[in-house]
Every structure is written in structure tokens, then in C-alpha cells.
Amino acid sequence: MATVAEHIETQDHAHGHGHEEHHEQSFIRKYIFSEDHKVIAKQYLFSGIIWAVIGGLMSLVFRLQLGFPEMDMAWLKPVLGQWVSLAPDGTGKLDPNFYLALVTMHGTIMVFFVLTAGLSGTFSNFLIPLQVGARDMASGFMNMLSYWFFFISSVIMFWSIFLETGPAGGGWVIYPPLSALGEANPGSQSGMTLWLVAMALFIVSSLLGGINYVTTVINLRTKGMSFDRLPLTIWAFTFTAILGILSFPVLLSAALLLIFDRSFGTSFYLSDIYINGHALPNQGGSPILFQHLFWFLGHPEVYIVILPALGLTSEIIATNSRKPIFGYKAMIFSMAGIMFLAFIVWAHHMFMTGMNPFLGSVFMLLTLIIAVPSAVKAFNYITTLWRGNIIFTPAMMFAIGLVSFFVSGGLTGIILGNSSLDIQLHDTYFVVAHFHLVMGAAAIFGMIGGVYHWFPKMFGRMMNDTLGYLHFWLTFIGVYLVFFPMHYIGIAGFPRRYYQWSGFETFNTFADLNAFMTIAAILAFAAQIIFIYNFIYSIFWGKKAPANPWRSNTLEWTTPINPGHGNWPGEIPTVYRWPYDYSKPGSESDFIPQNIPFSATPESNLPEENEMISEEKEIEKIEFNHNIPD
Amino acid sequence: MKTLETTMIQETKPILTVNKYKFIIWLFIITIIMLFASQTSAYLVRRAEGNWTEFKLPVIFWWSSSILIISSVFMYLAQQSAKKDNYGKLKTYISGAFLFGIIFLAMQYIGWLELQDSGIYLKGNPSGSFLYILTGLHAFHLISGLVVLLFAFVASYQLKIHSKSLIQIEVCATYWHFLDLLWLYLFVFLLYFR
Ligand code: HEM
Ligand SMILES: [Cu+2]
């Protein structure tokens with residue numbers, strides 16, 4: 001592919017653009033208060049990984065409690081302090097309230113801090129400018145603000161763990177009145193206050209980020225990068241950002257009213273409550289109102305988590321199958337469909353709130369329709385893999401793992417979506433199994449796959465493949481071993497968020513299954529240590545990366561191995577074709593990057609592409625309007 | 001030959017047709033719309049459940065609404081003057097917009113006092129609480145609008161806003177008119193669904 005090099009060289013420096021020059025910056029501006037999207041992406045990535053470790057360790061603690069209810073936890077006393085109470089004989093027990101706090105914090109951290117900020121924050125920031133051909137985000141300053149709001153939010157959330165009364169304990173969905181009244185649960189005292197403050201800041205951060213992503217994609221595409229040539233990653237990030245822009249303000253609304261109920265004595269969510277025989281003054285509120293507001297965000301939020309992972313997967317699977325993605329347009333339309341439907345299905349989380357059964361069946365119908373675009377996506381991945389020339393890189397393994405989890409978790413979604421079945425399954429471990437497969441595991445796999453795939457671009461080095469395969473197999477098997485049995489105990493009726501079940505005679509038969517899941521969880525967590533070792537080691541001592549290690553078509557691989565500020569040293573490459581020209585018949589090379597004009601590849605052009613050669617001159621002529629400052 | 005080239009360039013449209021800051025402010029406005037849409041729908045849902053104390057809006061809200069409209073008109077005139085490089089008028093109008101914005105806030109506050117006199121407090125039946133939250137949230141956003149306006153105000157006194165540099169005042173005006181419309185929406189909403 002000599003043409004690639006030639007093409008880049010022939011582009012000259014004619015359009016002097018303000019951002020290209022390297023100005024030396026101080027350490028603080030370069031690595032801490034940086035406005036460079038690549039640095040901000042890495043900041044998000046590191047923060048996300050740290051949060052993932054914290055969230056993961058929390059899950060191990062409560063899994064130990066669930067798997068081995070009689071276990072002596074005294075050895076955790078040095079870490080958990082007062083949350084482990086010692087009996088006179090020296091054995092320790094986990095405090096039940098702290099169990100609830102752990103579950104709550106685990107959910108909050110994983111959903112928001114890892115899979116929203118860590119995932120979108122990392123990859124939208126890193127890939128949007130690189131893949132659409134922009135020097136940086138639309139507003140570097142807003143981007144920096146977005147990270148630092150997230151950082152402050154993280155600090156507050158972290159701080160809440162160390163409160164005397166413990167962090168929030170009302171579940172990640174913080175339903176009032178449980179979360180509104182300090183008497184209900186110690187976590188609903190200062191812990192909940194900090195939770196709300198942290199989440200308000202988090203929402204500000206996501207909005208700043210999301211607004212920036214959409215603006216960059218719409219306004220800063222390079223010449224020739226029309227919408228039908230955008231990589232699916234970019235489509236996914238854009239839809240994710242739109243979902244966030246439309247739904248996070250609603251969470252803010254819900255949180256705001258809760259703050260008023262908690263601190264200023266209003267009664268939006270509270271009514272007819274008696275504590276120790278005394279009636280509270282609050283009258284006329286409705287706790288169901290909170291659930292409506294919460295799930296109006298909550299359901300789109302689950303797609304905010306999975307869509308970027310699906311986008312990354314599209315890219316990884318197409319590249320490593322050496323085949324064009326199957327159904328490019330179908331992928332876009334199904335993502336758009338998912339996005340639209342995501343806003344009108346929220347009440348499937350509320351079938352048990354006593355809603356009108358007719359309304360329930362409307363939401364049931366809408367919910368089941370979501371299965372259609374989801375299935376389209378799953379089939380498209382499988383058909384892209386079908387008879388592909390598959391290269392099993394670690395990233396590819398994780399991407400395929402994602403498809404597997406998405407399918408097996410999606411199936412149980414269809415079961416839950418039936419309002420009559422949900423009466424039995426709501427708030428059991430069946431739901432926990434459903435969303436950990438379809439959202440938790442799938443999104444984490446997308447994120448990890450993304451790290452393996454774009455690591456060479458981020459750090460200029462390669463990660464170790466052998467450790468990658470080991471990491472994949474242990475995690476993949478571990479995840480299924482944890483969450484598959486969970487379906488059974490869910491069907492058997494195990495309610496979620498219970499500290500222990502040993503009080504129920506019937507549940508004792510499942511004690512060994514619970515112990516088994518705990519051991520599998522420890523295994524899956526241990527596998528992540530391999531990843532973290534590999535990640536850190538490779539940053540410093542990994543093999544030096546070549547310019548385009550996966551022989552991929554997208555623009556980020558046309559930048560220098562360690563792209564500087566402004567991404568491309570010369571002019572930004574022009575785009576002439578879609579990003580999925582892999583193994584094109586007639587072409588000698590099995591990939592043709594987006595910046596190769598059709599005029600350079602007469603041997604592989606389709607008839608309609610030959611016609612587009614005449615348009616190339618037009619594309620090159622496009623003048624950016626330099627009167628518009630950026 | 002030369003003419004041919006220039007016509008060619010004119011024909012190929014630039015990609016960047018919208019300024020990114022204008023785009024950003026529109027997205028920002030959408031987030032605010034979602035915030036208030038959720039608040040007002042929560043209001044309606046809650047109201048439909050009954051146990052709802054009706055309230056009377058303070059009379060001064062009528063006056064404050066007109067003040068805010070006038071402020072918007074000033075904003076519009078300021079933008080027009082900037083287009084014509086009429087610095088003197090620009091400064092007057094933008095000061096007017098700012099001043100009327102502050103008067104509006106003061107009147108909203110008086111409105112709250114009036115409400116308290118008539119026995120409607122933040123605590124109590126959710127209808128009253130919602131009234132305070134909706135007006136308060138709007139006032140909060142108006143203050144953010146005043147901050148944006150203040151930057152434009154300073155820029156216009158430094159003669160940085162003129163016919164060649166309109167982005168700032170356009171962004172500012174878009175936001176300010178939006179806040180005006182938002183108030184009118186809330187006002188009519190509250191009048192209608194008491
Ligand atoms: C085939 C499509 C899907 C259907 C029909 C579906 C249906 C449902 C239903 C009905 C529930 C409520 C269960 C209950 O609480 O009783 C639920 C819970 C959940 N779903 Fe799905 N789902 C689907 C796909 C997804 C996807 C793709 C994700 C995330 C990426 C997801 C994430 C979740 C989460 C996080 C919960 C639990 C929230 C909680 O209560 O803590 N689902 N799903
Ligand atoms: Cu849902």
C-alpha cells in the first residue's frame with residue numbers, strides 16, 4: 001500500500017491551521033489540566049480502572065457474605081473497621097447495613113463511574129476526533145471541565161465510603177422513602193446527601209462531555225467524511241451522547257426533588273409515613289413519581305452503557321474478520337431505533353408498582369419491540385464473522401465475548417419484559433443475572449476489548465497477547481459461572497438485596513450453588529489482576545507498536561505512532577470511502593484505508609465507485625470557512 | 001481561468017456551516033428543556049393524583065413577565081446595533097437587557113414574598129412546593145444567563161463585539177431569548193394548571 005504514504009506526503013502544509021504547531025506546555029497543562037482529548041481520554045481510562053477495582057472488591061465482600069453466610073469475617077476488620085462486628089469469641093460478622101451500602105455503591109460505581117464515565121469518557125474522547133479527522137474536541141475547555149467535574153464527583157463519592165454512618169444504602173436506584181429518611185437506614189443520612197451531590201456533579205460532567213461529542217461529530221468532520229462514511233464507533237458514541245443529553249437532566253430533576261424532600265421538608269415523594277408510631281408531617285407525595293423520573297433516565301442509561309461497547313465491537317469485529325461489516329446501514333438504523341425506543345419503555349421496571357394492567361401491556365409491547373433492533377445487531381455481528389478470515393487478537397476475543405453475553409442476557413430480557421412473568425421474577429436474582437450479562441459483562445468486555453485494540457494508539461506500545469488470552473478465558477468462563485447459576489436461584493425465588501437467606505428453610509438447598517458463584521466471582525476478579533499487570537507493564541515496557549498494527553482502515557491509524565497535540569502533523573487526511581473496505585475483490589491488499597481515493601484503486605472499484613472519482617476533486621476543493629473561529 | 005476557479009470554490013459548500021459555539025448553546029438549551037419538561041410532567045402526574053391545593057399566582061408575575069419581554073427586546077436591539085457597528089447603541093441596549101434581567105429577578109423575589117403572605121410555603125402541599133421549585137429553577141438559570149450576558153456586556157465595552165465578530169452576542173442572545181420563552185411557558189403553564 002505505497003499509496004498511503006504517498007498520499008499523505010503529497011498533502012502539504014498549505015492550510016496553516018492554528019492548532020498544528022507544537023507549543024511547549026508546562027507539565028500541569030499537559031498532563032493534569034489538559035485540554036487535549038487524548039490526555040483527557042487517558043485520565044478517564046485510569047479513573048475508570050481505579051473505580052472498577054474498588055467496585056469489584058466491594059462485590060467480592062458481599063459475595064463472600066452471600067456464599068458463606070457463616071464465615072468468620074474478622075480478617076476483614078483491618079480494612080472495614082467498625083463494619084465488621086466482633087463476637088466475644090473473636091469471630092466477625094459483616095454489618096447488615098453495610099451490606100446494603102456495599103450493594104448500593106457497587107451498582108452506582110459500576111453503572112455510572114466505570115461504564116458511563118470510564119467507557120464513554122475514554123473512547124468518545126479518544127476516538128471521536130481521531131476517527132472523524134479533527135484536531136481536537138469542539139471545546140477543549142469544556143472537555144477539561146467535564147473531566148474535573150467527574151473527578152470532584154468521584155472524590156465526593158469516595159469520601160462517602162468513610163462516613164461514620166456509611167455510604168448510601170438504598171440501592172443504586174435510590175427509591176424513596178428509603179433514601180429520603182435518615183431513620184430508614186443509616187446510609188440514608190449523610191451518605192445519601194453525598195451521593196446526591198456527587199451524582200449532580202456527575203450529571204454536569206456527562207452533559208458537558210455529551211454536548212462536546214455531538215458538536216464535534218457534527219461540526220468538525222474532515223473533508224469527505226460524510227455521515228455515510230462515519231465508522232460505526234462514531235455513530236454509537238453520537239447516539240450515546242444524545243441519549244445522555246436527553247435523559248440525564250431528568251435524573252437531575254428526580255434528584256433535585258429528592259434533595260428538597262430530604263433537606264427542606266417538602267413532600268414530593270413522601271406521604272402517610274409513621275416512624276415508631278409517630279406520623280411524619282409530610283402529606284401528599286408520591287414515591288411512584290420518583291420511580292417514573294428515575295427510570296426515564298434509568299432505562300436510557302443502560303443503553304448509554306452498552307451502545308459505546310457495541311460500537312467498539314463493530315469496529316473490532318470488522319477489522320479482525322477482514323470483512324466489511326454486515327449491514328452498515330442496518331446497524332445505524334437499529335441503534336437509532338434502540339435510542340428512540342429507550343425513551344418509551346421505562347415502566348417495564350415498574351410492573352409491580354400497581355400500575356394499570358392495560359398500561360402495563362402497552363409498556364410490555366414496546367419493551368418487546370426493543371428485542372428486534374437488538375437482534376438485528378446481534379445477527380449482523382454473527383454474519384460479519386461468518387466465513388471471515390478471522391484473526392483472534394485479544395480484542396477480537398473480547399468482542400466476540402460481548403456478542404455472546406449480549407445474546408444470552410438479551411434472551412432473559414424478553415422473559416422479563418412480559419409483565420405477567422415479571423410478577424414472579426421482579427427483584428429476584430433472575431433480574432440480577434439478566435442485567436449483569438447483557439449490560440455489566442457485555443459492556444466491560446467492550447471496554448476491555450477497546451483497550452486491547454486501541455492501546456497501541458494510546459500508548460505507542462503493544463500489550464502482551466498471551467496474557468490477553470489468559471485474561472479472556474478466565475474472565476469469560478468466570479462470568480458465565482457466576483451469572484448462569486444466578487438464573488436458577490432467581491427462578492427459585494431468591495430476592496435481591498437480602499443480606500442472608502439462612503433463615504428460610506427452602507433456600508438451604510441452594511447454599512452450595514451460592515458458594516460456587518462466590519468462588520467463580522473470586523476467580524473472575526483474580527483474572528483482572530492479569531489485565532492490570534499487563535496494562536501497566538505494557539505502558540512502560542511493552543513492545544513498540546507499528547503504525548497500523550491491526551491493518552485497520554479508520555483514520556486514527558494515519559496519525560504518527562504517538563500523535564501529538566493536533567493529531568496530524570500536516571494537513572488532516574481527506575476521506576474518500578467508507579471504513580469497511582476489507583478484503584475487497586480485486587485489491588491486492590486486504591484493506592483499503594479511508595483516505596485512499598478511488599482513483600488510486602481502479603483494480604477494485606465497483607462501477608458506482610468509478611463514477612465517484614470525478615467527485616474527488618470536489619471533495620478536495622472543500623474550503624473550511626476560516627471566518628468561523630474555533 | 002480565474003473566474004472559473006472562483007465560481008468553483010463558491011459552488012463547493014464548506015462543511016462548517018454552523019458555528020460550533022452556536023451548536024453547543026443549542027444542545028445546552030435542549031438539556032434545559034428536558035429538565036423543565038420532566039419537572040412539568042412530574043407536576044402534571046402528581047396533580048392528576050388528587051389531594052392538590054390550588055394556588056393563585058402573585059399578580060406581580062404578570063409585571064415581571066412583561067419586564068422580561070422588554071429585556072429580550074433590548075437584547076434583540078443590541079444584536080442589531082452590533083451588526084451595524086453602532087457601538088453607542090449596543091452599549092445602551094445591552095445594559096438595558098442586563099438591568100431589566102435584574103429587575104425581573106427582584107420581582108420574582110417579591111412574588112415569593114407575596115406567596116408566603118397568602119400562606120403558600122415551600123413546605124406543605126406539593127402544589128406550592130412545585131411552584132417554588134419551578135420558579136426557583138428558572139431564576140437559577142436566569143442568573144446563569146446574566147453571567148453570560150455580563151461577559152457580552154464587558155466585551156461590548158471593550159469594543160470586542162462588532163459586525164465582524166458577532167458569535168458571542170449571538171450565542172448570548174439565543175440563550176437570553178430562550179430563558180425568556182421558558183419563563184413565558186412556565187407562567188402560562190402555572191396559570192393553566194393551578
Ligand atoms: C431484549 C431487550 C431487553 C428487554 C426486553 C429487557 C427487559 C427488562 C426488564 C423487563 C427488566 C425489569 C426486570 C425487573 O426489575 O423486574 C429489565 C431490567 C434490567 N435491564 Fe433489561 N431488557 C433488555 C435488554 C437490556 C439491555 C441491552 C440492557 C443494558 C445494556 C439491560 C439492562 C437492564 C438493567 C440494568 C436492569 C435492572 C435494573 C435494576 O432493577 O437494577 N437490559 N430488563
Ligand atoms: Cu429497562
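Lettering follows sequence order; numbering is per chain, from 1.
Identified by a heavy-atom distance below 4.5 Å to chain A, the contributing residues of residues 45-63 of chain B are B:Val45, B:Arg46, B:Glu49, B:Asn51, in residue-number order. Contacts between residues 175-191 of chain B and chain A, defined by a heavy-atom separation under 4.5 Å, are made by no residue at all.
Contact tally against chain B (heavy-atom pairs below 4.5 Å) for A:Ile242, A:Leu246, A:Asn212: the top residue is A:Leu246. Taking B:Ala37, B:Ser41, B:Pro126, B:Gly124 one by one and counting their heavy-atom pairs under 4.5 Å with chain A, the maximum is reached by B:Pro126. When A:Leu252, A:Thr216, A:Leu257, A:Leu207 are compared by the number of non-hydrogen pairs under 4.5 Å with chain B, A:Leu257 comes out ahead.
Annotation: side chain of B:Ile30 is not in contact with side chain of A:Ile211 (no heavy-atom distance under 4.5 Å). Contact of the B:Phe23 side chain with the A:Ile218 side chain is registered, since non-hydrogen atoms from C-beta on lie closer than 4.5 Å. Counting heavy atoms from C-beta on, the side chains of A:Thr215 and B:Leu27 come closer than 4.5 Å.
In this structure, chain B has no heavy atom under 4.5 Å from any part of A:Leu208. Contacts between B:Ile133 and chain A at a heavy-atom distance below 4.5 Å involve the side chain alone, from C-beta outward. In this structure, the portion of B:Leu137 lying under 4.5 Å from any heavy atom of chain A is its side chain and not its backbone. Proximity to chain B is limited to the side chain of A:Leu293, based on heavy atoms less than 4.5 angstrom apart. Heavy atoms closer than 4.5 Å to chain B are found in both the backbone and the side chain of A:Ile245. Heavy-atom distances place no part of A:Phe248 under 4.5 Å from chain B, backbone and side chain included. Both the backbone and the side chain of B:Phe28 come within contact range of chain A, each with at least one heavy atom under 4.5 Å from a heavy atom of that chain.
For the atom pair A:Leu256 CG and B:Phe140 CZ, the distance stands at 10.0 Å (nearest 0.5 Å). Between A:Leu251 atom CG and B:Leu35 atom CG the span is 11.0 Å, to the nearest 0.5 Å. Separating the OG atom in A:Ser267 from the NZ atom in B:Lys123 is a distance of 9.5 Å, to the nearest 0.5 Å. Rounded to the nearest 0.5 angstrom, A:Asn282 CG and B:Asn125 CG are separated by 12.0 Å. With rounding to the nearest 0.5 Å, the separation of CD1 in B:Ile24 from CG in A:Asn219 is 8.5 Å.
Around OH of B:Tyr109, the count of heavy atoms belonging to other residues, nucleotides or ligands within 6.0 Å does not exceed 12. By the neighbour-count criterion of 12 heavy atoms within 6.0 Å, atom CZ of A:Phe340 is sparsely surrounded, having that number or fewer from other residues, nucleotides or ligands. Open room surrounds OH on B:Tyr76; 12 or fewer heavy atoms of other groups in view lie less than 6.0 Å from it.
Between B:Phe130 and A:Phe268, the ring center distance clears the sub-6.0 Å criterion.
For the residue pair A:Ser253 / B:Ser38, a side-chain donor-acceptor distance below 3.5 Å is found, with atom types taken as modelled.
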Evaluate A:Phe264 against B:Leu122 for side-chain contact (heavy atoms from CB on, under 4.5 Å), listing each step before the verdict.
CA-CA 8 Å; A:Phe264 301 98; B:Leu122 179 63; 4.0 Å; yes
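A donor-acceptor contact shorter than 3.5 Å links the side chain of B:Lys20 to the backbone of A:Ala138.
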